[in-house]
Protein chains: 4
Amino acid sequence: MKKREAPPEDGPLRADAARNRERVLAVARELLARGDSSLQMNQIAREAGVGVGTVYRHFPARQDLLEALVNEHLEALLDKAHAAEASEEPWSSLRRFLRAALDLQLADIGLAEILNAPRDAHARTSQLKAELFATSGRLLERAQRAGVVRPEVGAEDIQRLMCGIEHAVRIGGGERRVVSERYLIILLDGLRPTSG
Amino acid sequence: MKKREAPPEDGPLRADAARNRERVLAVARELLARGDSSLQMNQIAREAGVGVGTVYRHFPARQDLLEALVNEHLEALLDKAHAAEASEEPWSSLRRFLRAALDLQLADIGLAEILNAPRDAHARTSQLKAELFATSGRLLERAQRAGVVRPEVGAEDIQRLMCGIEHAVRIGGGERRVVSERYLIILLDGLRPTSG
Amino acid sequence: MKKREAPPEDGPLRADAARNRERVLAVARELLARGDSSLQMNQIAREAGVGVGTVYRHFPARQDLLEALVNEHLEALLDKAHAAEASEEPWSSLRRFLRAALDLQLADIGLAEILNAPRDAHARTSQLKAELFATSGRLLERAQRAGVVRPEVGAEDIQRLMCGIEHAVRIGGGERRVVSERYLIILLDGLRPTSG
Amino acid sequence: MKKREAPPEDGPLRADAARNRERVLAVARELLARGDSSLQMNQIAREAGVGVGTVYRHFPARQDLLEALVNEHLEALLDKAHAAEASEEPWSSLRRFLRAALDLQLADIGLAEILNAPRDAHARTSQLKAELFATSGRLLERAQRAGVVRPEVGAEDIQRLMCGIEHAVRIGGGERRVVSERYLIILLDGLRPTSG
DNA sequence: CATGAATGAGAATTCATTCAT
DNA sequence: TATGAATGAATTCTCATTCAT
């Protein structure tokens with residue numbers, strides 16, 4: 001469990017280094033997409049056609065690789081959140097955001113892991129998570145003020161419940177799009193304030 | 001993929017064998033409770049103070065151990081389901097059953113795994129799962145006939161959603177009882193038919 | 001029965017890799033010479049002063065190691081066979097070949113095992129065996145056409161009988177060279193056509 | 001490698017003990033006949049329907065079991081040798097004896113092992129082996145005096161060569177009876193004195 | 001910087017033998 | 001005396017990580 005130095009992030013990478021980095025990321029993405037979230041360094045190196053050492057140079061630990069991979073989806077998700085915030089309707093914007101979030105989580109098996117990780121390898125990740133958390137919190141509160149979401153749930157609950165729905169979709173069969181839509185609707189209905 | 005013989009289950013165990021078996025089960029239970037579901041034979045043997053061979057004698061594979069551990073909870077859950085069936089109120093009996101299920105799943109990290117496993121090591125497990133599935137299906141249908149649950153969900157959906165809620169509770173902090181109760185309520189409300 | 005990748009045999013090995021490979025082979029050879037044909041990976045690693053992983057990298061299975069060890073002897077034997085074929089005298093060339101074969105088989109306890117193995121790990125081995133079989137078959141037939149070997153024996157019989165002689169030499173004491181020479185003469189005389 | 005006490009051989013066995021002993025022997029015989037000469041105590045016990053301890057009580061080591069099994073064949077072989085000795089023709093009696101020996105060795109995979117073992121577990125075995133060795137020696141010498149066997153071979157050579165032939169028969173295919181007869185003829189012809 | 005061979009701890013599994021019942 | 005559960009050393013094999021080239 002020895003600590004390695006952080007990868008040099010100062011200057012722009014040399015052309016070949018950048019190419020290798022991209023290859024590694026591409027392979028890792030591919031593996032996640034195939035549902036293999038083990039991210040074994042040797043396997044990645046082999047499939048990327050680089051040495052293991054190269055993978056370790058760019059990503060000293062599995063977590064670094066995972067964050068690099070997930071961050072772009074995190075950014076995409078943050079964009080969705082901001083877009084939702086720009087909309088006028090508290091409820092439908094929240095719904096749209098959660099739908100997008102669920103799609104992304106299902107497409108990227110590492111996203112939930114990063115969202116739930118207690119600590120991050122890179123400040124960038126922490127920052128993105130914090131922003132995302134804040135924005136979804138505002139979306140939620142707006143909906144609560146409008147009386148369309150039960151008042152006792154918080155942003156963290158939403159995140160956890162979304163990961164729960166993702167899990168429910170993953171563990172079984174059926175057409176992904178259809179199932180995830182059905183389960184999301186159940187969650188959304190459950191979030192509505194108790195009528196009466 | 002060599003086939004092992006089933007562990008001898010015929011007669012009552014000898015006193016010392018029974019004691020060791022219990023020790024192994026106790027350690028395994030403890031490990032699951034600590035959240036470690038890897039159930040490594042060496043580790044279990046070491047912590048139980050028995051030889052590895054002893055663990056293998058009683059439980060030739062991880063799956064056998066897991067099922068032995070889970071089956072008693074599965075039976076308890078089935079009892080709850082039958083009790084719920086005996087009740088008159090479609091909705092509250094379903095709710096009571098799901099509450100019990102969630103509590104058990106949270107207490108036993110292996111329960112969900114067994115519930116979702118595509119195949120079982122022991123016929124007993126398959127039988128219990130089938131009975132449980134059938135009973136919860138009847139509970140669900142009764143509630144649907146009474147118009148208190150949306151008609152498009154099936155017993156499998158309920159199981160998957162419950163595992164999702166379990167997951168949501170596990171991945172975060174907070175007082176387990178409180179959090180699980182809150183999330184369950186959201187799920188239950190979500191299962192109600194769309195009013196209007 | 002998982003398939004492993006073949007050990008990389010393409011380019012020339014790195015200096016240290018080659019050194020380790022040689023060490024492993026040397027130890028394995030030594031073990032065979034000592035009469036231990038079990039070729040246990042950890043024992044070899046220990047005696048060679050390398051990690052187990054290194055042995056596995058070079059030789060994923062016992063069979064690979066054995067074939068690597070034996071192939072050079074197989075090649076030497078094939079050379080002998082070709083040399084014998086180049087000679088003019090049917091009988092003495094066959095005798096010379098079988099003498100060489102017996103010497104090699106006695107020097108390398110793995111040779112007979114590979115010769116009798118129903119399948120090989122490497123194509124190279126199969127190829128060598130096939131060539132050897134064909135060549136010894138031609139030597140045999142030539143001797144049969146010359147009327148100096150009984151007609152009903154085939155190349156396979158010769159191989160089996162030679163392994164039998166090897167076995168006879170191994171199971172007892174006495175000066176190896178002397179005993180093997182005596183037994184070989186008995187076999188050779190036995191192969192002559194029945195006079196009368 | 002701790003030494004166990006010899007099994008009590010004094011009095012006649014109790015009826016049930018004798019029955020168990022026979023069961024064990026029967027199973028072991030069966031296993032040898034199937035070509036499995038590993039004689040694993042647990043396996044034997046299981047198939048015999050007795051506890052391992054029982055097997056160990058009767059046969060403290062694999063060698064004891066093997067000898068018990070083989071001794072009756074050894075006795076049969078000795079009978080053949082004596083019968084051969086009683087015959088008048090030096091050559092055909094030797095031939096008949098060796099044929100019988102080869103048949104027995106092929107039928108009992110343990111026979112050769114006992115014959116070649118440097119030391120025996122039971123005096124009875126040593127005695128049988130010595131008698132057999134002496135008798136075959138006399139058969140051999142008679143044939144040599146008659147000038148029908150080359151003078152430089154001894155009883156030990158015959159034994160080793162016979163084991164070699166057995167080995168040659170075992171390692172390949174073909175009809176056992178046919179192959180063993182063919183190889184035996186080659187050996188017998190090879191044993192004849194060099195004509196001229 | 002890149003490479004990939006080497007490392008070695010650790011997990012799974014088997015089996016001969018012992019010993020409590 | 002019989003039983004068979006228990007033992008644990010021995011073996012195979014994997015993989016994250018290091019480091020010589």
Side-chain angles (χ1 to χ4, degrees), chain A residues 1-2 4 7-8 13-17 19-21 38-43 45-46 49-58 60-62, chain B residues 2 4 7-8 11 13-21 24 38-46 49-58 60-62, chain C residues 2 4 7-8 11 13-21 24 38-43 45-46 49-58 60-62, chain D residues 1-2 4 7-8 13-14 16-17 19-21 38-43 45-46 49-58 60-62:
Chain A
M1 210 56 91
K2 204 180 294 177
R4 273 169 155 279
L13 288 175
R14 254 170 45 182
D16 55 343
R19 191 168 53 247
N20 280 336
R21 191 188 147 93
S38 63
L39 291 190
Q40 297 175 6
M41 298 304 213
N42 283 294
Q43 185 187 14
R46 199 180 331 116
V50 303
V52 229
T54 304
V55 180
Y56 273 93
R57 166 163 293 272
H58 289 292
R62 179 178 177 280
Chain B
K2 201 181 295 176
R4 278 171 148 282
L13 288 175
R14 237 169 60 182
D16 57 343
R19 189 167 54 247
N20 279 332
R21 193 188 147 94
V24 167
S38 64
L39 292 188
Q40 296 169 0
M41 297 306 213
N42 282 320
Q43 185 187 13
I44 290 172
R46 200 178 332 114
V50 302
V52 232
T54 303
V55 181
Y56 274 93
R57 163 171 288 271
H58 289 292
R62 176 180 177 278
Chain C
K2 200 182 297 175
R4 279 171 147 279
L13 288 176
R14 237 170 59 183
D16 57 342
R19 191 168 50 248
N20 279 332
R21 192 188 148 94
V24 167
S38 64
L39 292 189
Q40 295 169 0
M41 297 307 213
N42 50 2
Q43 184 187 15
R46 200 178 332 113
V50 303
V52 231
T54 303
V55 180
Y56 274 93
R57 162 171 290 271
H58 289 293
R62 178 181 177 279
Chain D
M1 210 58 91
K2 205 181 292 178
R4 273 170 155 278
L13 289 174
R14 255 171 43 184
D16 56 342
R19 191 168 53 247
N20 279 337
R21 190 188 148 93
S38 64
L39 291 189
Q40 297 177 5
M41 299 303 215
N42 282 294
Q43 183 188 15
R46 198 180 331 117
V50 302
V52 228
T54 305
V55 180
Y56 273 90
R57 164 163 295 271
H58 289 292
R62 177 178 178 281

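Proteins come first, then strands; the chains are lettered A, B, ... in the order of their sequence lines, and each starts at number 1. Predicted model only: the values in this text are computed from it and were never measured.
For Y56(C) and dC13(F), the OH to P distance is 4 Å, given to the nearest whole Å. Atom-to-atom, CZ of R46(C) to C1' of dA9(E) comes out at 16 Å; the value is rounded to the nearest Å. What separates CE of M41(D) from P of dG4(F) is a distance of 16 Å, to the nearest Å. As a whole-Å value, the separation of R21(D) CZ from dT1(F) P is 13 Å. One interatomic measurement links the two molecules: CG of N20(B) to P of dC19(E), which rounds to 16 Å at whole-angstrom precision.
Nucleotides of DNA chain E nearest to G53(C) and S38(D) differ in position, and the one nearer the 5' end is that of G53(C). Of the two residues near DNA chain F, Q43(C) and R19(B), the one whose nearest nucleotide lies more 5' is R19(B). With the nearest nucleotide of DNA chain F identified for both R62(C) and V55(B), V55(B) has the one nearer the 5' end.
A sub-4.0 Å separation between OP1 or OP2 of dA5(E) and a side-chain N or O of T54(C) is absent. The shortest distance between the side-chain N/O atoms of R57(A) and the OP1/OP2 oxygens of dC1(E) is not below 4.0 Å. In this structure, H58(C) reaches the dA6(E) phosphate: one of its side-chain N or O atoms is under 4.0 Å from OP1 or OP2.
Pairing of dA20(F), defined by two Watson-Crick or G-U wobble distances under 3.5 Å, is identified with dT3(E).
Among dT18(F), dT14(E), dG8(E), the nucleotide with an atom closest to any side-chain atom of V52(A) is dT18(F). Among the nucleotides dC15(F), dT1(F), dC15(E), the one closest to the side chain of Q40(A) is dC15(F).
Here the side chains of D16(A) and R19(A) are in contact, with some heavy-atom distance below 4.5 Å.
N42(A) comes within 4.0 angstrom of a nucleotide base, judged by non-hydrogen atoms across all strands. Across all strands, V50(C) comes closer than 4.0 Å only to sugar-phosphate atoms, never to a base (heavy-atom distances).
As rounded to the nearest Å, dT21(F) and dC1(E) have P atoms that lie 22 Å from one another.
Annotation: the span from R57(D) atom CZ to N20(D) atom CG amounts to 11.0 Å, rounded to 0.5 Å.
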